[in-house]
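The structure under discussion appears below in the form of structure tokens.
This one's a predicted model, so the numbers in the text were calculated from it and none came from an experiment.
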Amino acid sequence: MSSTEQRLIAAAERLFAEQGVGAVSLRTVMQAAETNVAAIHYHFGSKEGLLDAVLRGRLDQVTGERNAALAGLAEGEVTARELAVAFVRPVVAVLGSGGEHWIRLVGRLLTTDEKGLSTLSDSFLQRNARFVELLERESPGTPRRTLDFRLTQAMQLTLNVLGDIERVRRLVAPDADPRAWPLDEVVADLVDVVTAVLAGPSGERQIPPSFRS
């Protein structure tokens, strides 16, 4: 990838995360990347092509690291916590490599239904097929739609927390020193919650009568 492409992707990633895809013009991206609009069309074809490149680069990173983590769980029993760690840690790695804006952008797309959501939804379950297979092993007899729902909620929770750690800290303890809740402890707490989401209820699920159609 050329340096121009890298600058455009980095600028678009930040701007799309901060302002939303629809609010950002190609000219704004061009100015932030210190290049020209022709470069965007040359390298990506369109704004949609640029967004697709922004999303897929780190998606490949997350998928690769997650599949590597899952490879060690392929034999024998698997626990919801092991799956939660394999799910959360690759996103933590993206955060550590400077990908906070990407995490925030993906979380934004999931909640606003902006353009680009199809890139995520079309490949999400395909990319996580092995994860779902192991989740089915951990929760035998649970309907597939329920497992898919748990997985998508785990994803949204993970993105919301890791996409803005400072916001999470302010919500929990507005006046606390951030050093009192370091990142590794935030991640540990997040893994606990994702474990509970993936595992589901400990006993037989009961649907309240008022919720039944």
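- You'll find the side chain of Val191 stays beyond 4.5 Å of the side chain of Phe87, heavy atoms only.
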Next item on the list: Could you go through the side-chain contact (heavy atoms from CB on, under 4.5 Å) check for Leu26 and His41 one step at a time?
Entry: CA-CA 10 Å; Leu26 290 182; His41 290 292; 4.0 Å; yes
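- Not counting sequence neighbours, the partners of Ser25 by the side-chain hydrogen bond (donor to acceptor under 3.5 Å, both in side chains) test are Thr28.
- The shortest distance between side-chain heavy atoms of Val187 and Asp184 does not fall below 4.5 Å.
- In the hydrophobic clustering of this structure, Val161 groups with Leu183; members are Ile, Leu, Val, Met, Phe, Trp, Tyr whose side-chain heavy atoms approach within less than 4.5 Å, directly or through other members.
- Residues Phe131 and Leu198 are in side-chain contact: their nearest non-hydrogen atoms beyond the backbone lie under 4.5 Å apart.
- Few gaps surround CD on Glu185; more than 12 heavy atoms of other groups in view lie less than 6.0 Å from it.
- Here Asn160 contributes atom CG and Arg167 contributes atom CZ; the two are 6.0 Å apart, rounded to the nearest 0.5 Å.
- Judged as a side-chain hydrogen bond (donor to acceptor under 3.5 Å, both in side chains), and not counting sequence neighbours, Asn67 has no contacts.
- The line from CG of Leu109 to CG of Leu51 is 6.5 Å long, rounded to the nearest 0.5 Å.
- Here the side chains of Glu166 and Arg169 are in contact, with some heavy-atom distance below 4.5 Å.
- In the hydrophobic clustering of this structure, Val172 groups with Leu157; members are Ile, Leu, Val, Met, Phe, Trp, Tyr whose side-chain heavy atoms approach within less than 4.5 Å, directly or through other members.
- Within a 6.0 Å sphere centred on CZ of Arg7, other residues, nucleotides and ligands contribute more than 12 heavy atoms.
- To the nearest 0.5 Å, atoms CZ (Arg66) and CZ (Arg130) are separated by 14.5 Å.
- A 4.5 Å side-chain heavy-atom check between Ser2 and His43 finds at least one atom pair inside the cut-off.
- Here Arg144 pairs with Asp148 in a salt bridge; the nearest charged N to carboxylate O distance falls below 4.0 Å.
- Within the model, atoms CG of Leu162 and CZ of Arg104 stand 11.5 Å from one another, a figure rounded to the nearest 0.5 Å.
- Within the model, atoms CZ of Arg108 and NE2 of His101 stand 11.5 Å from one another, a figure rounded to the nearest 0.5 Å.
- Asp192 has its side chain within reach of Arg81: a pair of non-hydrogen atoms, C-beta onward, lies under 4.5 Å apart.
- Applying the 6.0 Å contact sphere to CZ of Arg27 captures no more than 12 heavy atoms from other residues, nucleotides or ligands.
- Scanning both residues, Arg137 and Val78, for their nearest heavy atoms gives CD-CG1, 4.1 Å.
- Using a 4.5 Å heavy-atom cutoff, the side chains of Val24 and Glu18 are not in contact.
- The side-chain contact (heavy atoms from CB on, under 4.5 Å) with Leu110 is formed by just one residue from the set Thr152, Leu159, Leu105; it is Leu159.
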Next item on the list: Report the C-alpha distance between Lys47 and Phe16 in whole Å, list the side-chain angles of each, state the deciding distance to 0.1 Å, and finish with yes or no for side-chain contact (heavy atoms from CB on, under 4.5 Å).
Entry: CA-CA 11 Å; Lys47 183 177 181 180; Phe16 290 161; 4.1 Å; yes
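- Within the 3.5 Å criterion, the main-chain N or O of Val94 finds a donor-acceptor partner in the side chain of Ser97.
- Glu82 contributes a side-chain N or O that, together with a main-chain N or O of Thr79, makes up a donor-acceptor pair within less than 3.5 Å.
- Separation of atoms CG (Asn128) and CG (Leu151) is listed at 5.5 Å; rounding is to 0.5 Å.
- Residues Leu70 and Leu83 are in side-chain contact: their nearest non-hydrogen atoms beyond the backbone lie under 4.5 Å apart.
- Ser139 places no side-chain N or O within 3.5 Å of a backbone atom of Thr142 that could act as its donor or acceptor partner.
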